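Encoded as structure tokens, the structure appears first; notes follow it.
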Amino acid sequence: MQMDGNIAASLGDYSVSLGQFSPAAMDRARDLTTGLPLASFAGKSAVAREVDVLVHRLARQGLLEYRLFSLRDEQDLVVIEPQVAEYWPQRAKLGNGDTVVLSRFAYLRRRGNEMVLESPRAGALFRISDFAIAAILAALSRPHRISELRHAASFSLELLELLLESQFLLKLKAKGGDGLRVDEGDGNLVLWDFHDLVFHTRSTEGRQANPLGSTFAYAGVVPPLSAVRPPWPGKRIDLREFSTAEPISPFAKLLRERHSIRDFDDQHPITLAELAQFLDTTARVLSEWQSGASFDSGPEVTYSTRPYPSAGSAYELELYLAVSNCDGLARGLYHYDAGGHALVAIGASAQQLQALSTAAEFAMDAPGPPQVVITIAARFGRISWKYSSIAYSLILKDVGCMIQTFYLAATDMGLGGCAIGSTNIGMFAKMTGLEFHVEGAVGQFALGRGKQPLAAI
């Protein structure tokens with residue numbers, strides 16, 4: 001609470017200004033340290049409106065938790081931890097005759113000394129404080145009517161309605177089956193295995209609030225491994241006599257020259273012609289063909305051939321280019337039509353483009369923004385239709401193949417490139433309007449003309 005009426009939220013060295021509020025609103029806001037009932041600022045008074053504004057600003061920054069409290073036992077039943085900035089607790093309507101079951105993507109695990117309920121579909125995780133609630137959740141692995149659950153210890157209709165709204169629970173129709181492999185209201189989810197969707201959402205930004213990237217979480221626990229593995233014991237065959245100091249082919253030379261470039265020359269940016277050549281070299285469809293699926297009565301499946309390898313010739317990867325500085329091409333977001341070798345503009349806002357560029361600059365630890373950020377997205381169903389259990393693993397292998405292809409092409413053309421380790425699947429979904437589990441970001445690559453090193457004096 002600042003003397004001038006401004007309120008700031010601080011976490012370590014990080015501070016967020018939340019605006020100026022009246023003394024009465026600031027006094028009410030002090031209760032946020034222990035808990036402020038949602039109903040207490042749902043009124044129409046000036047103070048209630050001010051506190052509502054403050055609380056929503058805190059929520060957008062991910063600085064709020066929500067407690068479901070038992071007045072009878074004077075203890076928390078559940079604490080809700082938002083995982084996405086736009087989360088706000090909402091209740092879906094449930095009646096005694098409704099039948100509910102746990103989503104097959106929901107899982108309960110130990111975190112430290114706590115039990116947490118999570119799902120890649122949910123915008124929040126639920127920290128379970130009452131273990132009788134964990135028993136109810138376990139029972140919901142099979143469909144139950146609400147009327148059947150009311151006799152259970154720690155039954156809370158409010159909690160079940162919160163879980164339903166957050167997609168931890170499903171409400172089954174009269175002929176909804178046993179709930180074990182329903183589409184959960186979205187046919188695209190049938191194509192996802194549990195572990196693949198968890199991996200996708202927990203190894204990217206946008207749908208989880210855990211630290212991500214170079215956090216050096218184990219620096220004080222174990223020493224770093226050596227850059228080169230210590231040799232195995234046993235007889236050694238020295239291969240150096242068969243090698244040469246200089247590469248013996250242009251391709252070998254290209255492999256040795258490949259390196260990441262993070263500093264781009266904005267006075268002489270990449271041109272549209274160069275970008276077209278780069279995409280033609282690395283990602284263009286070279287041919288298309290059909291083949292029957294490898295099982296009886298299987299449908300005809302279409303395939304394509306492109307410059308990089310792909311698991312089962314699925315070629316599920318798509319390219320989206322966020323262009324900040326390209327001679328001959330307007331700033332904006334474009335989809336690369338690999339079949340027609342064309343760029344198609346997508347209506348992303350200037351703020352979204354700036355956010356994506358800034359995130360890429362931060363992730364690379366670069367001195368400035370990249371000229372072009374290529375987001376590699378996957379049409380997940382293209383590969384999971386055939387492969388189960390290993391689908392997401394195959395997608396990431398394909399991303400690695402594509403990124404090496406990008407590196408080699410950029411080096412060959414005298415351009416600069418750098419792979420980016422993190423992607424924000426939430427931001428990509430907002431920019432494209434695509435559901436994160438239908439077609440989502442799985443990799444990024446910065447491209448442009450690298451700055452020439454200063455000549456030695």
Side-chain angles (χ1 to χ4, degrees), residues 1-94 111-119 122-134 136-137 153-168 207-211 426:
M1 310 284 182
Q2 310 297 320
M3 295 299 295
D4 61 358
N6 280 293
I7 295 180
S10 298
L11 183 64
D13 295 331
Y14 183 67
S15 180
V16 178
S17 178
L18 300 167
Q20 193 172 64
F21 297 88
S22 68
M26 291 174 66
D27 186 59
R28 177 79 61 85
R30 287 187 175 89
D31 291 335
L32 286 170
T33 57
T34 55
L36 189 63
L38 289 172
S40 68
F41 53 89
K44 297 181 179 180
S45 69
V47 172
R49 289 197 300 268
E50 279 192 278
V51 174
D52 185 66
V53 168
L54 171 61
V55 167
H56 278 82
R57 287 178 184 173
L58 285 164
R60 282 196 296 270
Q61 298 290 339
L63 296 173
L64 286 186
E65 294 181 341
Y66 306 90
R67 302 165 59 199
L68 193 61
F69 188 77
S70 170
L71 291 174
R72 181 186 63 190
D73 301 323
E74 295 188 345
Q75 66 176 15
D76 289 333
L77 299 175
V78 169
V79 178
I80 305 172
E81 298 181 13
Q83 300 296 294
V84 297
E86 61 267 22
Y87 178 83
W88 187 262
Q90 301 285 344
R91 295 171 60 178
K93 187 68 175 176
L94 280 173
R111 187 186 67 182
N113 295 323
E114 304 167 331
M115 293 295 291
V116 293
L117 178 68
E118 297 185 85
S119 169
L125 65 82
F126 283 49
R127 195 164 75 230
I128 309 300
S129 303
D130 183 344
F131 292 110
I133 289 176
I136 294 178
L137 295 173
S154 296
F155 170 83
S156 168
L157 182 62
E158 182 178 10
L159 173 60
L160 295 180
E161 290 177 338
L162 287 165
L163 291 171
L164 179 60
E165 180 65 27
S166 295
Q167 299 179 315
F168 285 105
R207 293 197 63 82
Q208 52 101 11
N210 299 311

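Note that the coordinates shown come from a computational prediction; the quantities given were computed from them, not determined experimentally.
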Completion exercise
salt bridge (charged side-chain N to carboxylate O under 4.0 Å, His left out) filter on Glu165, not counting sequence neighbours, yields none
Handout entry: Rounded distance (nearest 0.5 Å) linking atom CG of Leu164 with atom NZ of Lys93
Key = 12.0 Å
Handout entry: Partner set under side chain to side chain donor-acceptor pair (under 3.5 Å) for Gln208, not counting sequence neighbours
Key = Asn210
Fill in the blank from the handout: The side chain to side chain donor-acceptor pair (under 3.5 Å) partners of Gln20 (sequence neighbours excluded) come to none
Practice task
Name all residues meeting the salt bridge (charged side-chain N to carboxylate O under 4.0 Å, His left out) criterion together with Glu74; count only those two or more places apart in sequence or in a different chain, and write none if there are none.
Solution key: none
Exercise for the section: Taking salt bridge (charged side-chain N to carboxylate O under 4.0 Å, His left out) as the test, write out the residues that go with Arg207, two or more places apart. Expected result: none
Problem - Sequence-distant partners of Arg91, side chain to side chain donor-acceptor pair (under 3.5 Å), two or more places apart - result: Glu161
Practice task
Mind checking salt bridge (charged side-chain N to carboxylate O under 4.0 Å, His left out) for Asp31 and listing every partner two or more places apart, or none if nothing turns up?
Solution key: none
Completion exercise
When rounded to the nearest 0.5 Å, the distance separating CD1 of Ile133 from CZ of Phe155 is 11.0 Å
Output a table of donor-acceptor pairs, distance under 3.5 Å, between side-chain atoms of residues 38-45 and any protein atom two or more places apart or on a different chain; print 'none' if there are none.
| residue | atom | partner | partner atom | Å |
| --- | --- | --- | --- | --- |
| Ser40 | OG | Pro37 | O | 2.5 |
| Ser45 | OG | Ala48 | N | 3.2 |

Practice task
Sequence neighbours left out, what pairs pass salt bridge (Lys or Arg N to Asp or Glu O under 4.0 Å) with at least one residue falling in residues 9-28?
Solution key: Asp27-Arg30
Exercise for the section: Can you run down the side chain to side chain donor-acceptor pair (under 3.5 Å) pairs that involve residues 48-58, sequence neighbours left out, and say none if there aren't any? Expected result: Ser22-Glu50, Asp52-His56
Fill in the blank from the handout: Taken in chain and number order and not counting sequence neighbours, the residues that satisfy side chain to side chain donor-acceptor pair (under 3.5 Å) with Glu81 are Arg111, Arg127
Problem - Listed partners of Ser10 passing side chain to side chain contact (heavy atoms under 4.5 Å, CB included), at least two apart - result: Ser15
